[in-house]
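Everything on this sheet refers to the single structure shown next.
Sequential numbering from 1 along the given sequence is applied to the chain's residues.
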Amino acid sequence: MRSLFRPAGTSLATAFLLLTYALLTAVPFLPALLGRAPEHPWQLLSFELLAWLAVWSIFQRPAWFHWLLAPAFLALPTEIYLFVFYGQGISTHHLGIIFETSPKEAMEFLGQKVWLMGAVMLAVVAWCLLSWYAATRTHSLHWRGRSRPIVFVLLLLLGASWLYGQEFGFAASAPAASAASASADAGSVLEVAGIEGADETGLDWPSLPHWMHLPYGFATVSGAWPFGLMARGVDFYKERQYLAELGKKNSNFTFGAHQQEPDTQPEVVLMVIGESSRYDRWSLNGYARETNPLLKQETNLVPLADVITAVSATRLSVPVIVSRKKATESLKAGFSEKSFLSAYKEAGFKTYWLSNQISFGKFDTPVSVFAKEADVVQFLNLGGFTNNSNFDQILLDPLKNALADPAPKKLIVLHTLGSHWNYSQRYPKEFDKWQPSLFGVDKPVYTDTAIKPQLNNSYDSSILYTDWFLSSVIGMLKDDGERTALRSSLLYVSDHGQTLYDGSCRLAFHGHNTQFEFHVPSFVWYSPQFAQRYPDKVKQVRRHQKSKLSTENMFHTLLDLGDIRYAGEQPEWSIANARFRQHKRYVDSYGWTNYDNATIRGDCHEVIDRSTPQKQEK
């Protein structure tokens, strides 16, 4: 290696080093080669150049800061892989997968690609070492003179003002304020409930003048390469800390759970949590289009006609489904109890959480804190919520492995991506049944009501794919039942629904207060072995299939399906129990509105309480 840079003295080393740094800097622009230009490219490039200046001004010469680049070299193959196949770089979610995936799981995921990955990593390590050697050989890149400390001080002031502004904000200019107001009037298309403000310190320091606002948001900083990786690491650390803090609230909690009459027959209780699925778009529930051709053939399937969710946001609705958290407490962070996963573990079941959603982030951590109670936790969607996300069928092989596990008693949770926007990206081409659709349309303008027919057609096709997926899951349970006498039951419920520019309504997606988002599809399926063992539970489920239910009933019903007894149990909340009673159902609509004392207003089907809604506390 020593002779490599001799022929031209240090000039070759300098050129090689500058080329290396240029290639690293160009990593965020790789999507442009794939036909997907990065957002705000000039902001991104200018920030990268400032970052290089900052590091150079601190360390003076490359040989003294090259070790900072080692994480960027090692992460480079993963970054490129995610760009090519999933349209995004490494995120907090991906870091969670990397840190929590065992070597065995990684080998299973990579399969035959493991050798290719190994060869690529060896090449990258060699590149890193070679460029480090070049950094030690060149002297022409030393930064000498007075300019270095001057640049350092200026960049320090810029960085301090950026951090201060991120924490305490900037005074808005008149045009910016008007734009924000106009944006708010357009209606929400995101899960905005519960987003915290920028100031998390409790200090009431003044915001900076608007002219001091630097054009660099966290997305720009974290998207830069190679130094943006540090910001992603900090964000991952903060999410892990937040997750740990939420976990502390229920760390000592126990249910004292046990199975009432345990036996030796293999048994599986399976919970499927749907995403953004709307009740009236299921032909199983009377929709004119045949969106459930497979599920309608299941004789042991019991549709639940009147289930509502309290709030139309995944991170707030799922905790109510999996725990005893009350609907009227769903806006509050954390919960002092654990979920049904821990109750089943206490009763001797091996538990699984298999997810096609993401694990970390502002909208996902409250779900993860419950998911991590499981014995086996797998977050499988490398694409997150982008157009390149995995289809829900990615859960089928892990489900097959879970069913093959020798543990006689198992609880398995499947958290699907369902009908999350973009609807046309939630199913393969063969399920694109209704035309015209958004299938193959890159970045459709979802706020344009002109795409209403395509949007609705794609949404219905996503329900058709959900039908196939759920039928496949049931088929796997039936096959195991025939082969091993497996006793199984399945409970499906969606976290919330969707508004779809209905009639003259100009709202779409979720985060609103419409009946379309509160009324969700749900059903119970059971095997012949389950019916033979628990005939009264089957009788009660069928008896109560048209009862007024909410997602608050799911925790109690799921434990009842497993015949689990525990301290403080409330059999009157389980539809599998003869003592079931209907309860008040509250939804997040201008306060806590009594859903059964509400009027449904306009084409948007807004849920309006006839009296005064209860005040909400967050």
Side-chain angles (χ1 to χ4, degrees), residues 255 257 269-274 277-279 282 284-285 301-312 314 316-330 335 337-344 367 370 411 413-415 489-497 515 517-526 530 534 536-588 592-598 607:
F255 287 97
V269 179
L270 202 152
M271 174 82 180
V272 181
I273 302 175
S277 200
R278 179 167 145 169
Y279 176 86
W282 286 46
L284 204 62
N285 301 325
L301 188 147
V302 185
L304 304 179
D306 194 1
V307 178
I308 60 102
T309 183
V311 60
S312 57
T314 300
L316 303 176
S317 61
V318 171
V320 175
I321 293 172
V322 303
S323 74
R324 286 190 288 193
K325 190 173 189 178
K326 295 180 180 179
T328 52
E329 295 178 358
S330 58
F335 187 52
E337 292 187 6
K338 293 182 179 179
S339 73
F340 56 62
L341 289 155
S342 290
Y344 267 93
V367 177
F370 290 112
L411 168 75
V413 179
L414 303 180
H415 193 186
S489 57
L490 183 153
L491 174 60
Y492 168 87
V493 67
S494 183
D495 58 357
H496 55 77
Q515 184 185 41
E517 298 174 27
F518 294 136
H519 192 188
V520 294
S522 182
F523 67 80
V524 175
W525 175 89
Y526 55 88
F530 181 92
Y534 301 120
D536 190 59
K537 294 185 188 297
V538 172
K539 176 183 176 182
Q540 296 305 325
V541 168
R542 290 193 172 276
R543 176 187 174 191
H544 300 126
Q545 69 181 106
K546 294 184 179 180
S547 298
K548 295 178 179 180
L549 308 173
S550 77
T551 51
E552 290 176 291
N553 294 107
M554 299 301 144
F555 171 91
H556 306 273
T557 299
L558 193 77
L559 285 167
D560 208 350
L561 291 176
D563 205 30
I564 306 294
R565 306 275 75 86
Y566 51 99
E569 62 181 293
Q570 297 170 285
E572 65 272 17
W573 285 83
S574 167
I575 63 168
N577 200 289
R579 295 165 61 184
F580 169 78
R581 296 291 181 273
Q582 294 181 158
H583 299 80
K584 280 189 178 181
R585 303 186 294 175
Y586 291 99
V587 295
D588 176 23
W592 290 121
T593 287
N594 183 341
Y595 185 83
D596 298 308
N597 184 46
V607 179

- Flag side-chain contact, heavy atom, 4.5 Å: Val320 against Thr309: no
- Query: Are Leu559 and Tyr344 side-chain neighbours, meaning at least one heavy-atom pair lies under 4.5 Å?
  - Reply: yes
- Query: Do Ile308 and Gln515 come close enough that some side-chain heavy atom pair is under 4.5 Å?
  - Reply: no
- Message: Using a 3.5 Å distance criterion without hydrogens, assess whether the side chain of Tyr279 forms a donor-acceptor pair with backbone atoms of Phe518.
- Response: no
- Query: Can you check side-chain contact (heavy atoms from CB on, under 4.5 Å) on Tyr526 and Leu561, steps first, answer last?
  - Reply: CA-CA 9 Å; Tyr526 55 88; Leu561 291 176; over 6 Å; no
- Is the backbone of Ala305 close enough, under 3.5 Å, to the side chain of His519 for a donor and an acceptor to pair up by distance? yes
- Message: Are Lys326 and Glu552 packed together at the side-chain level, in the sense that at least one heavy-atom pair is separated by less than 4.5 angstrom?
- Response: yes
- N/O donor-acceptor pair under 3.5 Å between Ser330 side chain and Ala327 backbone: yes
- Task: Applying side-chain contact (heavy atoms from CB on, under 4.5 Å), run through His556 and Arg324 and close with a yes or a no.
- Result: CA-CA 8 Å; His556 306 273; Arg324 286 190 288 193; 4.0 Å; yes
- Donor-acceptor pair between Arg543 and Gln540 side chains, under 3.5 angstrom: yes
- Minimum heavy-atom separation for Val367 to Thr314, with atom names? CG2-O, 4.1 Å
- Query: Under 4.5 Å between any side-chain heavy atoms of Phe580 and Leu549, yes or no?
  - Reply: yes
- Enter the distance from Ile321:CD1 to Ser339:OG here, rounded to the nearest 0.5 Å. 12.0 Å
- Test: Lys548 and Asp306 ion pair at under 4.0 Å: no
- Item | Full working for side-chain contact (heavy atoms from CB on, under 4.5 Å) between Ser547 and Gln582 | CA-CA 7 Å; Ser547 298; Gln582 294 181 158; 3.5 Å; yes
- Query: Any idea which heavy atoms bring Ala343 and Ala257 closest together, and the distance?
  - Reply: O-CB, 3.3 Å
- Query: Is Pro303 close to Asn285 at the side-chain level, that is, under 4.5 Å between some pair of heavy atoms?
  - Reply: yes
- Message: Between Thr593 and Tyr595 (side chain of the first, backbone of the second, donor and acceptor by atom type, cut-off under 3.5 Å), is there such a pair?
- Response: no
- Spatial distance of atom CG (Asn577) from atom CG (Asp560) [nearest 0.5 Å]: 5.0 Å
- Would a distance-only check, ignoring hydrogens and angles, find a side-chain to backbone donor-acceptor pair under 3.5 Å from Ser494 to Val520? no
- So which heavy atom on Lys537 is nearest to which on Phe530, and how close? CD-CZ, 4.2 Å
- Nearest heavy-atom neighbours spanning Ile575 and His544: O-ND1, 3.1 Å
- Item | Considering all heavy atoms, the nearest Gly562-Val269 contact | CA-CG2, 4.0 Å
- Would you indicate whether the side-chain heavy atoms of Ser522 and Met554 approach each other to under 4.5 Å? yes
- Item | Backbone of Ala576 reached by a side-chain donor or acceptor of Tyr534 within 3.5 Å | no
- Close side-chain approach of Ile564 and Phe255, heavy atoms under 4.5 Å: no
- Item | Leu284 side, atom CG; Leu304 side, atom CG - distance, nearest 0.5 Å | 10.0 Å
- Item | Euclidean distance, Asn594 CG relative to Tyr586 OH, rounded to 0.5 Å | 5.5 Å
- Note on the structure: Rounding to 0.5 Å, atoms CG (Asn553) and CZ (Arg585) come to a distance of 9.0 Å
- If you look at every heavy atom in Met271 and Val493, which pair is closest and at what distance? CE-CG1, 3.6 Å
- Query: Can Ile273 and Val322 be said to form a side-chain contact (heavy atoms from CB on, under 4.5 Å), step by step?
  - Reply: CA-CA 9 Å; Ile273 302 175; Val322 303; 4.0 Å; yes
- To the nearest 0.5 Å, atom CH2 of Trp573 lies from atom CZ of Phe555 at 12.0 Å
